[in-house]
Amino acid sequence: MARFEFDAVVIGSGFGGAVAACRLSEQGQKVLVLERGRRWTPQTYPRDANDAWLWNQDKPHKCNGWADLRTFSDMWVAAGAGVGGGSLIYANVSVEAKPEAFARGWPAAITYEALKPYYDRVGQMLSVSELPATQFNTRTRLMKEGAEKCGWGDRFRTVPLAVSFDPDWNENLPDARHDHHSKRFTNPHGREQGTCVQCGNCDIGCQVSAKNTLDLNYLAVAEDHGTEIRPLHLVEYLQPLPDGGWRIHYDVLANGKRKRGTVSAQRVILAAGSIGSTELLLRSRDQYRTLPGLSACLGKGWAFNGDFVTPAFYTKRTIAPSHGVTISSAIDLLDRSFQGEALFIEDGGVPNLATDFARRRLKHLPHGKLRRLWQQIGQVSETADPLAGMMPWFGQAIDAADGRLYLGRPWYAPWQRQLKIDWRFQRSESAVEAMIAVHKQLTAATGGEAVVPATWTKLRNLITPHPLGGCNMGLTAANGVTNANGEVFGYQNLYVMDGAVIPRAIGLNPSRTIAALAERNCEILCQQLQT
């Protein structure tokens with residue numbers, strides 16, 4: 001009889017968890033993935049107003065939708081909820097961190113040179129490519145124009161994207177962004193996909209499967225090697241077993257109810273993201289008291305990775321931010337040449353929900369006058385976009401990474417424990433203001449008017465889709481929660497492999513760095529299993 005039900009339980013299925021499940025299962029390990037969200041498909045992606053858009057951490061059995069938007073004091077955090085984790089809602093960008101990002105704050109073993117082979121491996125698994133020059137959209141061209149007019153022409157570049165492009169597609173095709181232009185193919189992992197039609201729906205689910213989400217590569221390989229994935233399983237806390245190994249306590253979310261369950265494993269890989277993994281360890285230490293020996297550094301050193309968006313409006317040119325991949329290009333100012341801050345500027349897009357809604361309605365309508373009416377509405381929404389003149393300037397920066405996650409007591413239910421963030425804007429203010437200054441300069445150079453959100457100018461509030469830290473890597477428990485290999489100090493066979501271990505902001509999209517770190521640390525773990 002097996003000592004444990006599984007060799008490894010992976011908690012979360014994002015860029016760290018998917019890599020871990022894949023590599024461990026390839027080594028013959030019996031792997032279980034516990035994912036809090038649903039298993040989404042193009043047929044179930046949210047589109048209508050009444051669809052399951054949001055996840056509610058307080059009532060996940062009632063509200064377990066597409067995206068988790070946590071509202072903390074002065075900081076909001078956006079995360080994906082589903083099999084594939086953040087790959088479901090991110091903007092496809094798979095860029096390597098700069099060598100200087102590892103110059104301080106990391107264990108000596110983690111350098112760009114050490115990660116480079118794993119960066120390459122991730123790029124191959126995700127089939128990354130750049131937007132073809134023949135498919136530059138209005139935002140890409142605006143970025144290039146702005147960079148050149150501001151003297152940054154040599155810093156403009158397209159970015160690697162986890163998207164499958166058709167070199168024959170172009171925006172002059174009849175009804176160019178319609179799904180029927182997507183060409184079907186079978187990817188290297190045996191999963192059916194389609195090519196990109198530049199529809200702009202990257203962040204709300206690519207209905208043609210041109211987006212190379214983790215369920216189509218890493219998780220596909222994991223399942224082909226026997227990994228079991230259980231969606232709608234929300235882990236509550238971890239318990240070390242007296243004879244070694246772990247018991248994982250979770251809730252099954254089904255039929256509007258929460259049902260308790262447990263499973264045992266020899267080892268646990270935490271990969272629930274910066275927020276999720278940190279919260280789980282905090283609850284295990286401070287609420288359930290099953291892991292009292294966790295480092296006092298737990299929750300500290302949290303970063304929002306300098307994320308900021310400045311919308312700009314143009315009256316004499318059409319931008320159409322819903323046309324094209326969500327992000328296609330960047331202006332690299334990470335060398336601190338602008339106001340002494342490290343900045344990475346990107347073009348930003350938004351999904352065309354009006355068109356999506358019209359198309360969704362068409363699928364449920366019989367042929368006749370009503371169907372023709374909705375066809376007309378769909379055509380109008382393509383050409384009469386109320387946001388046609390808006391350019392959302394995106395960007396990341398190196399922030400202070402001085403936030404702290406902790407369990408507090410909500411005022412409305414003081415008997416409960418709720419995750420909170422202690423974050424102050426002062427030490428990161430110069431980075432945000434430099435980002436705004438760049439956005440304004442690019443806008444002015446291209447004939448637009450930037451409108452800085454009042455959430456920043458009045459309230460000093462921010463939102464980030466790229467939270468980092470909370471279970472930071474360190475040399476010892478005195479300055480970190482895990483070592484360079486992701487092993488949690490003080491506990492055997494417990495690992496963290498996600499953005500929670502990154503000890504500082506890296507100033508650009510972190511997904512590839514998270515996956516590369518997981519590739520490295522899984523390789524080390526697999527080597528240990530073979531000895």
Side-chain angles (χ1 to χ4, degrees), residues 8 10 13-29 31 85-87 90 92-130 157-163 187-189 212-214 216-222 224-225 227 269 271 330 332 334 344 468 472-475 482-487 495-531:
V10 179
S13 59
F15 288 98
V19 171
C22 175
R23 298 313 180 200
L24 288 172
S25 64
E26 285 180 323
Q27 292 296 312
Q29 293 279 292
V31 179
S87 76
Y90 84 138
N92 316 307
V93 179
S94 186
V95 65
E96 300 176 5
K98 291 297 192 72
E100 53 267 28
F102 304 96
R104 61 178 182 82
W106 294 79
I110 306 298
T111 64
Y112 174 81
E113 291 72 23
L115 284 184
K116 180 56 178 168
Y118 307 104
Y119 274 133
D120 293 342
R121 189 178 299 175
V122 173
Q124 183 178 15
M125 284 292 294
L126 297 181
S127 300
V128 301
S129 60
E130 297 183 13
R157 61 185 176 95
T158 53
V159 292
L161 302 173
V163 176
N187 74 17
H189 315 291
N212 305 331
T213 49
L214 295 167
L216 300 172
N217 37 75
Y218 276 106
L219 292 173
V221 174
D224 287 347
H225 283 82
T227 288
I269 313 293
D332 187 343
L334 286 167
F344 196 71
L468 298 174
N472 295 10
M473 288 183 172
L475 298 178
T482 80
N483 65 14
N485 302 337
E487 299 172 278
Y495 299 80
V496 182
M497 295 190 188
D498 58 23
V501 302
I502 295 181
R504 54 168 300 200
I506 60 175
L508 42 65
N509 311 69
S511 64
R512 193 160 176 175
T513 298
I514 293 168
L517 282 167
E519 283 277 19
R520 172 193 181 272
N521 291 345
C522 283
E523 183 173 275
I524 293 171
L525 173 57
C526 289
Q527 290 171 351
Q528 294 171 348
L529 293 174
Q530 293 172 358
T531 59

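Treat the numbers as computed from the prediction; the structure is a model and nothing was measured.
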Asks: If I compare all heavy atoms of Ala109 with all of Ala484, which pair ends up nearest, and what's the gap?
Replies: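 Heavy atoms only, the tightest pair is CB-CB, 4.3 Å.
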
Asks: If you take all heavy atoms of Pro503 and Gly105, which pair is closest and at what distance?
Replies: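 Reported closest heavy-atom pair: CG-O, 3.1 Å.
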
Asks: Are any of the side-chain heavy atoms of Ile506 and Phe102 separated by less than 4.5 Å?
Replies: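 No, too far: nothing below the 4.5 Å cut-off.
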
Asks: Calculate, to the nearest 0.5 Å, the distance between atoms CG and CG belonging to Asn92 and Asn212 respectively.
Replies: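 The CG atom of Asn212 is 8.5 Å from CG of Asn92, to the nearest 0.5 Å.
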
Asks: Heavy-atom distance under 4.5 Å between the side chains of Leu517 and Ile502, does that happen here?
Replies: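 Leu517 vs Ile502: side chains touch.
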
Asks: Below 4.5 Å, heavy atoms only, C-beta onward: do Glu113 and Lys116 meet side chain to side chain?
Replies: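 A side-chain contact is absent here, since even the closest heavy-atom pair is not under 4.5 Å.
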
Asks: Can you see which heavy atom on Ala505 is nearest to which on Leu468, and at what distance?
Replies: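 What the structure gives for the nearest pair is CA-CD1, 4.2 Å.
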
Asks: Do Val122 and Tyr218 have side chains that get closer than 4.5 Å, going by heavy atoms?
Replies: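 In short, these two side chains touch, coming nearer than 4.5 Å.
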
Asks: Which heavy atom of Ala114 sits nearest to which heavy atom of Pro117, and what is that distance?
Replies: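 Closest pair (atom of Ala114, atom of Pro117, distance): O-CD, 3.5 Å.
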
Asks: Among Asn483, Ile269, Thr482, which residue satisfies the side-chain contact (heavy atoms from CB on, under 4.5 Å) criterion with Tyr495?
Replies: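 Going through Asn483, Ile269, Thr482 one by one, the side-chain contact (heavy atoms from CB on, under 4.5 Å) with Tyr495 is satisfied by Ile269 alone.
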
Asks: Rounded at 0.5 Å granularity, tell me how far SG in Cys22 sits from CG in Asp224.
Replies: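 Rounded to the nearest 0.5 Å, the SG-CG separation comes to 9.5 Å.
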
Asks: Does Ser129 use its side chain to pair, donor to acceptor, with the backbone of Val163 at less than 3.5 Å?
Replies: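 Side chain of Ser129 to backbone of Val163, a donor-acceptor pair under 3.5 Å: yes, one is there.
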
Asks: Evaluate Met125 against Val19 for side chain to side chain contact (heavy atoms under 4.5 Å, CB included), listing each step before the verdict.
Replies: CA-CA 10 Å; Met125 284 292 294; Val19 171; over 6 Å; no

Asks: Which heavy atom of Ala271 sits nearest to which heavy atom of Val10, and what is that distance?
Replies: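 What the structure gives for the nearest pair is CB-CG1, 4.5 Å.
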
Asks: Atom CG in Leu161, atom CG in Asn509: separation rounded to 0.5 Å?
Replies: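 Answer rounded to 0.5 Å: 9.5 Å.
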
Asks: Under a 3.5 Å distance rule, please check whether Ser25 uses its side chain to pair with a backbone N or O of Thr227 as donor and acceptor.
Replies: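 No.
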
Asks: Rounded to the nearest 0.5 Å, what separates atom CE in Met497 from atom CD1 in Ile514?
Replies: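 Reported to 0.5 Å precision, the distance equals 13.5 Å.
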
Asks: Under a 4.5 Å cut-off applied to non-hydrogen side-chain atoms, are Asn485 and Met473 in contact?
Replies: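 Result no, sub-4.5 Å side-chain heavy-atom pair not found.
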
Asks: With a cut-off of 6.0 Å (strictly less than), are more than 12 heavy atoms of other residues, nucleotides or ligands near CD of Glu130?
Replies: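 Yes, CD of Glu130 has more than 12 neighbouring heavy atoms, counting only those of other groups under 6.0 Å.
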
Asks: A side-chain contact here means heavy atoms from C-beta on lying under 4.5 Å apart; do Ser127 and Asn187 qualify?
Replies: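 Heavy-atom side-chain distance check fails, nothing below 4.5 Å.
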
Asks: So, the side chain of Arg504 versus the backbone of Ala101: is there a donor-acceptor pair under 3.5 Å, distance only?
Replies: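 The answer is yes, because a donor-acceptor pair under 3.5 Å joins these two groups.
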
Asks: Take Glu96 and Asp120, measure what side chain to side chain contact (heavy atoms under 4.5 Å, CB included) needs, and give me the verdict at the end.
Replies: CA-CA 9 Å; Glu96 300 176 5; Asp120 293 342; 3.9 Å; yes

Asks: Donor-acceptor pairs under 3.5 Å, side chain of residues 523-531 to any protein atom, not counting sequence neighbours: which ones?
Replies:
unit_1	atom_1	unit_2	atom_2	d
Glu523	OE1	Arg121	NH1	3.4
Glu523	OE1	Arg121	NH2	3.2
Glu523	OE2	Tyr118	OH	2.5
Gln530	NE2	Gln27	OE1	2.6
Thr531	OG1	Gln528	O	2.7

Asks: Phe344 and Leu508: which non-hydrogen atoms are nearest, and at how many Å?
Replies: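 Shortest heavy-atom separation between Phe344 and Leu508 comes out as CD2-CB, 3.7 Å.
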
Asks: Measuring from atom CZ of Phe15 to atom OG1 of Thr513, what distance do you get when rounded to the nearest 0.5 angstrom?
Replies: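 Answer for the CZ-OG1 pair, Phe15 versus Thr513, is 11.0 Å.
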
Asks: Quick check for you: to the nearest 0.5 Å, what is the distance between Arg512 atom CZ and Tyr119 atom OH?
Replies: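 The CZ atom of Arg512 sits 8.5 Å away from the OH atom of Tyr119.
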
